[in-house]
Amino acid sequence: MKHALLEPIKMGSHLLPNRFAVNAMEGTDGDENGNPSELTYARYEKYFRGGAAFIDLEAITCQTECVSSMHQLSIMDRNKEALKKFVSHMKGINDNNVLVFQLTHAGELGNPAISKALRVTKEPLPGFEHAELIDEEKVEEIMDQLVNGAVIAHEAGADGVDLKLCAGYLGSQILRPFNCHEWKYGGPWKNRKRFAIDLVDRIREAVNDP
């Protein structure tokens with residue numbers, strides 16, 4: 001009897017040959033411009049040769065104002081060609097899979113030694129008193145950056161995007177109940193969840209590819 005992990009599974013318009021996945025774990029080995037380096041290539045070549053049907057590219061930032069590490073991968077206009085080359089190379093090794101890019105903004109987890117740390121709550125969480133409070137206009141700017149990242153991911157040949165709304169990064173800062181003061185994306189759950197829904201809707205509008 002075939003093991004369940006070896007059974008095919010449908011994901012969107014893709015039929016994946018198995019149920020093995022490589023999760024989005026940062027290697028912090030991008031070059032000075034946030035492009036994949038030789039070390040990044042070496043890691044992902046192993047993943048693609050390994051045959052996992054779903055590969056989630058590690059958290060990749062759409063801006064450099066607020067980042068968690070100095071060598072984090074980035075997905076901005078300056079990175080387009082490098083990312084196209086990267087995806088083409090990996091798909092040349094194995095294209096029988098789904099590759100998505102995990103788009104992120106560090107938020108409170110921005111490393112103050114190299115960038116800003118930003119927060120959306122009036123009161124900072126203990127230990128994050130250094131994080132700067134941002135307003136709705138700034139959040140809208142960040143959403144535009146994430147949408148642009150999704151457009152670049154599509155142009156680079158990725159099969160989709162994974163929006164990082166967890167682990168203390170900006171997306172989870174907005175969703176969690178501690179974001180309790182009332183503003184467009186704060187207070188009651190209907191407001192907090194609107195951030196994720198609006199972001200998905202904007203990406204679907206910008207990338208017209210089901």
Side-chain angles (χ1 to χ4, degrees), residues 8-16 19 21-24 26 34 36 44 52-67 72-88 90-91 95-107 118 120 134-176 179 183-210:
I9 187 171
K10 193 81 182 297
M11 177 179 285
S13 59
H14 299 271
L15 181 63
L16 305 187
R19 303 181 186 206
V22 174
N23 287 320
E26 292 179 60
Y44 281 91
F54 181 83
I55 298 175
D56 197 347
L57 186 79
E58 64 200 76
I60 182 168
T61 182
C62 304
Q63 46 75 54
T64 56
E65 177 188 24
C66 175
V67 295
Q72 185 174 11
L73 295 179
S74 63
I75 184 165
M76 294 175 281
D77 290 339
R78 69 181 188 183
N79 307 114
K80 279 183 184 180
E81 293 307 314
L83 290 173
K84 285 180 183 178
K85 180 181 176 182
F86 177 80
V87 173
S88 176
M90 297 304 161
K91 290 288 189 175
D95 66 354
N96 195 20
N97 54 44
V98 163
L99 169 65
V100 302
F101 285 13
Q102 187 182 72
L103 306 182
T104 191
H105 186 288
L118 305 177
V120 296
I134 58 176
D135 57 17
E136 288 184 26
E137 183 178 355
K138 184 64 176 180
V139 173
E140 294 291 337
E141 177 188 324
I142 291 169
M143 292 176 77
D144 288 341
Q145 292 168 338
L146 289 165
V147 171
N148 187 55
V151 171
I152 294 171
H154 181 258
E155 293 175 351
D159 299 302
V161 292
D162 162 16
L163 304 176
K164 189 161 189 172
L165 306 177
C166 63
Y169 291 81
L170 183 75
S172 62
Q173 288 177 239
I174 292 174
L175 291 175
R176 66 193 177 198
N179 175 20
W183 57 293
K184 183 176 181 180
Y185 296 121
W189 173 239
K190 67 178 182 179
N191 286 2
R192 288 181 282 125
K193 72 178 181 179
R194 185 185 298 148
F195 173 78
I197 294 169
D198 286 357
L199 185 54
V200 169
D201 287 345
R202 293 185 194 189
I203 288 173
R204 283 176 170 162
E205 183 177 356
V207 183
N208 185 22
D209 182 351

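Atoms considered below: every heavy atom in the structure, side chains included; atoms not considered: hydrogens, waters and symmetry mates.
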K.L.:
Quick one: list whatever passes side-chain hydrogen bond (donor to acceptor under 3.5 Å, both in side chains) with Arg176, sequence neighbours left out.
P.N.:
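Once residues adjacent in sequence are excluded, the partners of Arg176 under the side-chain hydrogen bond (donor to acceptor under 3.5 Å, both in side chains) criterion are Glu108.
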K.L.:
Going by side-chain hydrogen bond (donor to acceptor under 3.5 Å, both in side chains), name the residues that satisfy it together with Glu136, two or more places apart in sequence or in a different chain.
P.N.:
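Glu136 satisfies side-chain hydrogen bond (donor to acceptor under 3.5 Å, both in side chains) with no residue once adjacent residues are dropped.
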K.L.:
If you measure from CG on Leu99 to CZ on Phe86, what distance do you get to the nearest 0.5 Å?
P.N.:
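That separation rounds to 7.5 Å.
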K.L.:
Any chance you could measure Leu175, atom CG, to Trp189, atom CH2, to the nearest 0.5 Å?
P.N.:
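Between Leu175 CG and Trp189 CH2, I get 5.0 Å after rounding to 0.5 Å.
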K.L.:
Rounded to the nearest 0.5 Å, how far apart are CG of Leu146 and CD1 of Ile203?
P.N.:
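Going from CG on Leu146 over to CD1 on Ile203, the span is 6.5 Å.
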K.L.:
Short question: side chain of Asn179, backbone of Tyr185 - any donor-acceptor pair under 3.5 Å?
P.N.:
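Yes.
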K.L.:
At what distance, to the nearest 0.5 angstrom, does CZ of Arg204 lie from CG of Asp201?
P.N.:
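Answer for the CZ-CG pair, Arg204 versus Asp201, is 6.5 Å.
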K.L.:
How long is the gap from CG on Leu57 to CG on Leu83, to the nearest 0.5 Å?
P.N.:
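One finds 8.0 Å between CG of Leu57 and CG of Leu83.
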K.L.:
Do you know the tightest heavy-atom contact between Tyr169 and Ala106?
P.N.:
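Looking at all heavy atoms of both residues, the closest pair is CD2-CA, 3.5 Å.
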K.L.:
Working to the nearest 0.5 Å, report the span between CG of Asp162 and OG1 of Thr104.
P.N.:
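The distance works out to 9.0 Å.
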K.L.:
Please enumerate all residues that pass ring-ring contact (aromatic ring centres under 6.0 Å, His included) together with Phe54, with sequence neighbours excluded.
P.N.:
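Per chain and number, Phe54 pairs via ring-ring contact (aromatic ring centres under 6.0 Å, His included) with no residue.
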K.L.:
Can you list everything that forms a salt bridge (charged side-chain N to carboxylate O under 4.0 Å, His left out) with Asp144? Sequence neighbours excluded, please.
P.N.:
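Asp144 satisfies salt bridge (charged side-chain N to carboxylate O under 4.0 Å, His left out) with Arg202 only.
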K.L.:
Could you please spell out the steps behind the side chain to side chain contact (heavy atoms under 4.5 Å, CB included) verdict for Leu103 and Ile75?
P.N.:
CA-CA 8 Å; Leu103 306 182; Ile75 184 165; 4.0 Å; yes
K.L.:
For residues Thr61 and Gln63, is any side-chain donor paired with an opposing acceptor at under 3.5 Å?
P.N.:
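Yes, side-chain donor-acceptor contact under 3.5 Å.
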K.L.:
Looking at every non-hydrogen atom in both residues, tell me the closest pair between Glu155 and Lys84 and how far apart they are.
P.N.:
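Looking at all heavy atoms of both residues, the shortest contact is O-CE, 3.6 Å.
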K.L.:
Please confirm whether the backbone N or O of Met76 pairs with a side-chain atom of Asn148, one donor and one acceptor, at under 3.5 Å?
P.N.:
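No, because the side chain of Asn148 does not come within donor-acceptor range (under 3.5 Å) of the backbone of Met76.
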K.L.:
Mind checking what makes side-chain hydrogen bond (donor to acceptor under 3.5 Å, both in side chains) contact with Lys91, not counting sequence neighbours?
P.N.:
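Scan of Lys91 (side-chain hydrogen bond (donor to acceptor under 3.5 Å, both in side chains), adjacent residues dropped) gives Asn97, Asp159.
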K.L.:
Tell me every residue that passes salt bridge (charged side-chain N to carboxylate O under 4.0 Å, His left out) with Lys184, counting only those two or more places apart in sequence or in another chain.
P.N.:
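Glu140.
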